[in-house]
Structures are given as C-alpha cells and as structure tokens.
Amino acid sequence: MSRVQITATFEITGWDQVLYDEPADGPPLGQATIRKTYTGALEGTAEVRMLACQTGDSPADGAGYLAQERVTGTLQGRTGTFVLQHGACGGPGGTDQFGFIVPGAATGELASLTGTCRVRHGEITLDYRLD
C-alpha cells in the first residue's frame, strides 16, 4: 500500500504534571501523564508520558518537550495499538518538531503501521503506510 496522510483532532482529557528538577539557577524540568481522546480519521484514546522544559514565562521564550504515546483505537477501519514518539524545541526564532510511529510497536490489525506524525494544539497528522 502507498503512503496515506490523515489529520485527526484530539481532546486532552487528563493532565497530571509534576516538577522533578527545580535548580536554584536555570529552568525547572517537568514530567506529565496526559490522556487524550482522538476523533476523526483516527478514533481512540491515548496515554502520553511527556518530559518538558520551559525557559521563560511563555513557551515562546523557549521550550522543549519529548513524549512517548500509546494510541489504542481504529485507523483506516483497522483496530489495534501503536506507539508515537514526538517532540519539539523552540523559542523566539521558531520551533522545530519531530514525530515518528515506532516501527514494530503496533499491534492487532495495525501491526504493520509505519510512518511519521506531527502534533499541534488539538490536532495530529499521520503520514503512514499500513500494509
């Protein structure tokens, strides 16, 4: 099968965050457990573990995150789970993002899923192959 691109929306249904490093000098480091519900071309739920650093009063000052996310749901009419790894780092000069579907980590009818992802506020784009 050729590559397919879909966009789905998500709602954050839970967010539990704690700081795990608060130095006297420098920004604090946090970790969060996030729960999501996806709707649209991807239907399902996800649990995310995220590490984050924000250097100023707003993310525009400087911020970065790394996340690992297990999605359970239906994609292209096929059900199963898959794992995403995504992140971003940016500041006043702009933001760079990355995101991948972890090869070999999908299950069920999604077991052959490979590709990339891009996560924005309330939206995910998957560029994938599903044999």
Side-chain angles (χ1 to χ4, degrees):
M1 172 182 244
S2 62
R3 292 191 84 71
V4 175
Q5 186 176 82
I6 61 100
T7 299
T9 58
F10 65 83
E11 178 183 350
I12 294 176
T13 58
W15 186 295
D16 300 310
Q17 184 171 338
V18 296
L19 296 178
Y20 67 89
D21 182 15
E22 297 180 79
D25 188 27
L29 302 178
Q31 61 186 7
T33 299
I34 304 162
R35 285 165 295 292
K36 297 178 179 178
T37 300
Y38 284 100
T39 56
L42 170 62
E43 292 281 337
T45 60
E47 185 162 318
V48 183
R49 299 295 165 102
M50 181 184 76
L51 300 176
C53 174
Q54 185 171 310
T55 62
D57 291 332
S58 90
D61 295 331
Y65 86 90
L66 297 168
Q68 191 158 322
E69 173 173 355
R70 184 178 313 275
V71 179
T72 301
T74 303
L75 176 66
Q76 197 174 315
R78 295 161 87 175
T79 60
T81 67
F82 58 95
V83 176
L84 302 173
Q85 288 189 340
H86 51 91
C89 192
T95 299
D96 289 319
Q97 288 185 289
F98 71 89
F100 301 96
I101 299 168
V102 177
T107 67
E109 296 174 314
L110 300 175
S112 66
L113 186 66
T114 59
T116 61
C117 68
R118 185 168 185 89
V119 179
R120 292 177 294 281
H121 298 286
E123 184 177 272
I124 188 170
T125 300
L126 296 176
D127 184 2
Y128 67 93
R129 181 181 171 127
L130 182 58
D131 295 325

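None of these values were measured; they are calculated from a predicted model.
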Looking at every non-hydrogen atom in both residues, tell me the closest pair between C53 and P27 and how far apart they are. SG-CG, 3.6 Å
Closest heavy-atom pair, M50 versus A52, reported as atoms and distance to 0.1 Å, is CE-CB, 4.0 Å
For T74 and T79, test the side chains for any donor-to-acceptor distance below 3.5 angstrom and give the result as yes or no. no
Any side-chain donor near an acceptor of the partner, T125 and R120, under 3.5 Å: yes
Side chain proximity check, Y65 to V119, heavy atoms < 4.5 angstrom: yes
Can you get from L66 to F100 by hopping between Ile, Leu, Val, Met, Phe, Trp and Tyr side chains that sit under 4.5 Å apart? yes
Would you please test L42 and F82 for side chain to side chain contact (heavy atoms under 4.5 Å, CB included) and show each step? CA-CA 12 Å; L42 170 62; F82 58 95; 4.2 Å; yes
Minimal heavy-atom distance between F98 and A88, with the atoms involved, is CE2-N, 4.5 Å
Co-membership, hydrophobic cluster, residues L113 and V102, 4.5 Å side-chain: no
Are any non-hydrogen side-chain atoms of Y20 and L51 less than 4.5 angstrom apart? yes
Heavy atoms only: give me the nearest Q85-C117 pair and the separation to one decimal. O-SG, 4.4 Å
Minimum side-chain heavy-atom gap C89-D96 below 4.5 Å: no
When you compare the side chain of K36 with that of V71, does any pair of heavy atoms fall below 4.5 Å? no
Backbone of T45 reached by a side-chain donor or acceptor of T72 within 3.5 Å: no
Does T107 use its side chain to pair, donor to acceptor, with the backbone of T81 at less than 3.5 Å? yes
Report yes or no: does Q31 contribute a side-chain atom to a donor-acceptor pair with the main-chain N or O of R49 at less than 3.5 Å? no
Any side-chain heavy-atom pair of L75 and E109 under 4.5 Å: no
